[in-house]
Amino acid sequence: MKQYENFAYIYDELMDDVDYENWVYHIERLISRSGKKVKNILELACGTGNITIPLAKKGYDIVGVDISEDMLSVAYDKSKREGINLVLLEQDMTELEFDLYDLDCVVCSCDGFNYITSSEDLKSVFKKVNELLKSGGIFVFDISSHYKISEILGNNFMGESRDNLAYMWENYYDEENHLIDMELDFFVKIDNQEDEEIFQRYRETHQQRAYGNEEIIALLKEANFDEINIFGDFSTDDPKFDSERIFFTAIKK
Ligand SMILES: C[S@@+](CC[C@H](N)C(=O)[O-])C[C@H]1O[C@@H](n2cnc3c(N)ncnc32)[C@H](O)[C@@H]1O
């Protein structure tokens, strides 16, 4: 079953409580903290463009990559509505073919790397990012923490009912392999008939991997990165044991 197919069209509605303005602010804060000057950015797993579009509006020269045609289609429509010309590429980042080198910055936000479920594949993505960056270029990304995936999402069941949309989200966590299977059932209103509301049901299964911070740091070092820093949640402090989002910055040697 594909990920981010029909789900792409309700993604932004379900993310309406996420403060993307602050997310973009935080990415810029981490870049400026590193002392690096950034003009061009490659964004991996850009999804519906919630980070891409604000960065483009701020004047960065940005290219977005995502594996989901549907997420990119939503990003494209949004960018057109905002009068922005985005370059969007439909690609699996584990097989990234991109031949613009000497990049200033590569970004990946909101779980993109949790979707890479083998550490070997993640290392090869990091190596490719390293190859694409200029010497001294900055890599900024964030992941859902091991704590969040294992303890908060874990074997949990969540659901919500809204006027036009309802979902059930059931998780199964495999502790041995640090993998979470997330079964999403969602219901989208397609019609109102007299006193009946008609909903269409869709299902998707998403799989993510929980990575420990030390494991990510080791993979970054193996991929030839230096000056690796990690931050908890949206702060510039070290992560705490219960931080749910971990930000990393790393510099190409
Ligand atoms: C939670 S969404 C985040 C989207 C966006 N970065 C945001 O902040 O809203 C995760 C994204 O990762 C993408 N993704 C998952 N695996 C991928 C892969 N192997 N290559 C490229 N994109 C991938 C999905 O299609 C989805 O758009």
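In what follows, residues are counted from 1 in the order of the sequence shown. None of these values were measured; they are calculated from a predicted model. As the structure lists them, so they are numbered: ligands from 1, and atoms in each ligand from 1.
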Less than 4.0 Å is my threshold; does some heavy atom of V65 fall inside it relative to ligand 1?
no

Just need the protein heavy atom nearest to atom 27 (O) of ligand 1, so name the residue and atom and give the distance.
D66 OD2, 2.7 Å

Measure the spacing between SG of C105 and CD1 of I138 and express it to the nearest 0.5 Å.
6.0 Å

In terms of ring plane angle, is the pair Y4 and H206 parallel, tilted or perpendicular, where the classes change at 30° and 60°?
tilted

Select the closest option to atom 7 (C) of ligand 1 among F113, Y11, F141, judged by heavy-atom distance.
Y11

Say whether W23 and ligand 1 are in contact under the criterion: heavy-atom distance to a ligand atom below 4.0 Å.
no

Short version for M93: what comes under 4.0 Å of ligand 1, heavy atoms counted, is both

Side chains of V107 and I62: does their closest heavy-atom pair fall under 4.5 Å?
no

closest protein heavy atom to atom 17 (C) of ligand 1 is I67 CG2, 3.6 Å

Which option, A45, A75, G64, A8, owns the non-hydrogen atom nearest atom 4 (C) of ligand 1?
A45

Charged N to carboxylate O under 4.0 angstrom, D16 versus R162?
yes

Checking heavy atoms under 4.0 Å, the part of C46 that sits near ligand 1 is backbone

Would you say T48 has any N or O atom under 3.5 Å from an N or O of ligand 1, going by distance alone?
no

Atom OG1 of T249 and atom CZ of R29: how far apart are they, to the nearest 0.5 Å?
12.5 Å

Any carboxylate oxygen within less than 4.0 angstrom of a Lys/Arg side-chain nitrogen, looking at K37 and D104?
no

Record the part of Q91 in heavy-atom contact with ligand 1 below 4.0 Å; permitted values are side chain, backbone, both and neither.
backbone

